[in-house]
There are 2 protein chains.
Amino acid sequence: MVALKTSANPLFLREEELRRGIELMFYAYREFTSEPDRILAKIDLGRAHHRAIYFIGRYPGITVSELLAILKITKQSLSRVLGQLLERGYVEQAKGERDQRQRLLTLTEAGHALEQQLTNTQRCRFAAVYKAAGAEAVAGFRAVLAGIIDPTDLERVERLLSIPQEEKPEATKRLPVKCMKKEA
Amino acid sequence: MVALKTSANPLFLREEELRRGIELMFYAYREFTSEPDRILAKIDLGRAHHRAIYFIGRYPGITVSELLAILKITKQSLSRVLGQLLERGYVEQAKGERDQRQRLLTLTEAGHALEQQLTNTQRCRFAAVYKAAGAEAVAGFRAVLAGIIDPTDLERVERLLSIPQEEKPEATKRLPVKCMKKEA
DNA sequence: AGGTTAAGTCAACATGGCTGACATTTCGCA
DNA sequence: TGCGAAATGTCAGCCATGTTGACTTAACCT
């Protein structure tokens with residue numbers, strides 16, 4: 001499909017390649033969030049709620065401070081979102097055992113169902129692409145994105161993977177992914 | 001660093017891999033936009049302005065409709081942003097030759113300088129990562145993101161690459177990338 | 001006992017999306 | 001030639017989600 005005279009101007013080519021990377025990020029991120037956004041809109045929630053739900057599902061029992069550290073938003077912003085999720089029964093709070101000041105956040109059954117529904121669309125997207133692109137492409141994809149992100153964040157992403165499976169939180173062990181077939 | 005008992009539960013592993021993809025997207029996109037955001041904040045502009053400037057720089061002479069098709073926002077939203085960019089002298093409009101209804105958008109010198117400054121931070125990030133990760137990783141990165149994005153958008157991204165270099169718009173041929181060295 | 005930390009709250013504001021309604025100019029065709 | 005459609009612009013208002021700043025409460029720790 002793409003056949004370029006690679007000899008012409010190496011500087012230009014480099015520029016073009018870098019811009020391609022930039023644009024792929026823009027388009028892909030938009031696409032990546034579009035399906036969850038659509039689902040959320042129907043129940044009067046937004047992307048901010050998805051993010052909170054996602055990470056509470058990912059790290060059950062997470063404290064408010066930890067969640068703030070992941071999301072990197074102010075506690076006032078989070079509070080609004082979290083308040084709505086509590087009110088509508090997607091999230092529950094429990095006082096910390098060790099430290100009673102902490103509020104440990106977990107998903108309710110409804111929260112879990114919603115998280116699955118939302119994340120599933122993204123999971124399926126990745127599953128399909130991973131399969132089509134192959135293991136090596138996936139490794140490359142991960143290497144590049146990992147190179148872009150903040151080392152502190154990267155460490156957090158890696159952390160879970162390095163925990164032996166038995167210690168993993170319940171929530172991450174759940175049901176197999178079921179994807180809809182594409183329409184013909 | 002990461003050593004997992006891969007034999008244990010293939011289903012879980014798959015789940016974990018897919019979640020990693022999702023999280024990398026989240027963290028990477030945030031990091032990817034953070035530097036331009038910082039620069040823009042200093043001159044009282046936002047990410048929306050960056051996007052407009054970026055694509056006007058990318059496709060000089062682009063019409064308003066075409067820009068709308070790329071950004072996928074309403075004309076009212078774009079109009080606000082574009083108005084500010086015109087007012088502050090970053091963008092210029094010219095009537096279309098063939099179709100006088102069209103407004104062909106181009107960057108002014110100031111606009112170009114700003115576009116370079118903004119995009120350069122992202123370009124440098126990618127340049128460094130590409131170099132560290134290697135050509136194969138880059139190919140994988142692109143394959144995965146290309147698989148995620150909307151085919152219509154993908155076509156647009158690919159289009160420029162397939163045009164022989166001589167026909168490329170001026171703006172994309174410009175200066176070589178200069179990146180700051182990291183602080184020790 | 002007293003400073004620090006975790007969490008929450010109130011108020012005000014900015015950005016950047018959105019909808020709906022409507023005006024102007026130009027184009028293209030029957 | 002005239003009329004509908006298209007490209008653009010504009011007004012008004014709404015909503016989601018981020019921000020800052022000031023302050024409270026409860027629990028922790030030394």
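Just so it is clear, the model here is predicted, and its values are computed rather than measured. The chains referred to below are lettered A, B, ... by the order of the sequence lines, with proteins before strands, and numbering in each begins at 1.
Relative ring orientation between A:Y59 and A:F55 is described as parallel, the plane-to-plane angle staying below 30° on a 0-90° scale split at 30° and 60°.
Between the side chains of B:E115 and B:Y90, not a single donor N or O lies within less than 3.5 Å of an accepting N or O.
The interatomic distance linking B:E66 (CD) with D:dA6 (P) rounds to 16 Å, in whole Å. Atom-to-atom, CG of B:L68 to P of D:dA6 comes out at 16 Å; the value is rounded to the nearest Å. B:I43 has its CD1 atom 16 Å from the C1' atom of C:dA14, to the nearest Å. Atom CG in A:L105 sits roughly 12 Å away from atom C1' in C:dA6 (whole-Å rounding). Rounded to whole Å, atom C1' of C:dG16 lies 13 Å from atom CG of B:L85.
Contacts of residues 25-41 of chain B with DNA chain D (heavy atom under 4.0 Å): none. Of the residues in residues 87-104 of chain A, those lying under 4.0 Å from DNA chain D by heavy-atom distance are A:K95, A:R98, A:D99, A:Q100, A:R101.
Closest heavy-atom contact between B:L104 and B:G61: CD2-O, 3.5 Å.
The side chain to side chain contact (heavy atoms under 4.5 Å, CB included) test applied to A:K42 returns no partner, not counting sequence neighbours. Partners of A:R47 under the salt bridge (Lys or Arg N to Asp or Glu O under 4.0 Å) rule, at least two apart in sequence or in another chain, are A:D37. Every residue meeting the side chain to side chain donor-acceptor pair (under 3.5 Å) condition with A:R125, not counting sequence neighbours, appears here in chain and number order: A:E35.
Using a 4.5 Å heavy-atom cutoff, the side chains of B:I56 and B:L67 are in contact.
Separation of atoms CZ (A:R156) and CD1 (A:I149) is listed at 9.0 Å; rounding is to 0.5 Å. Residue A:L118 holds its CG atom at 10.0 Å from CZ of A:R123, rounded to the nearest 0.5 Å.
Environment of CD in B:E136: sparse, with no more than 12 heavy atoms of neighbouring residues, nucleotides or ligands closer than 6.0 Å. The neighbour count for A:K72 NZ, taken as heavy atoms of other residues, nucleotides or ligands under 6.0 Å away, is above 12.
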Every protein N/O lying under 3.5 Å from an N/O of nucleotides 12-19 of chain D:
{"unit_1": "D:dT17", "atom_1": "OP1", "unit_2": "A:R47", "atom_2": "N", "d": "2.9"}
{"unit_1": "D:dT17", "atom_1": "OP1", "unit_2": "A:A48", "atom_2": "N", "d": "3.3"}
{"unit_1": "D:dG18", "atom_1": "OP1", "unit_2": "A:R51", "atom_2": "NH2", "d": "2.9"}
{"unit_1": "D:dG18", "atom_1": "N7", "unit_2": "A:R80", "atom_2": "NH2", "d": "2.4"}
{"unit_1": "D:dG18", "atom_1": "O6", "unit_2": "A:R80", "atom_2": "NH1", "d": "3.4"}
{"unit_1": "D:dT19", "atom_1": "OP2", "unit_2": "A:T74", "atom_2": "N", "d": "2.7"}
{"unit_1": "D:dT19", "atom_1": "OP2", "unit_2": "A:T74", "atom_2": "OG1", "d": "3.1"}
{"unit_1": "D:dT19", "atom_1": "OP2", "unit_2": "A:S77", "atom_2": "OG", "d": "3.4"}

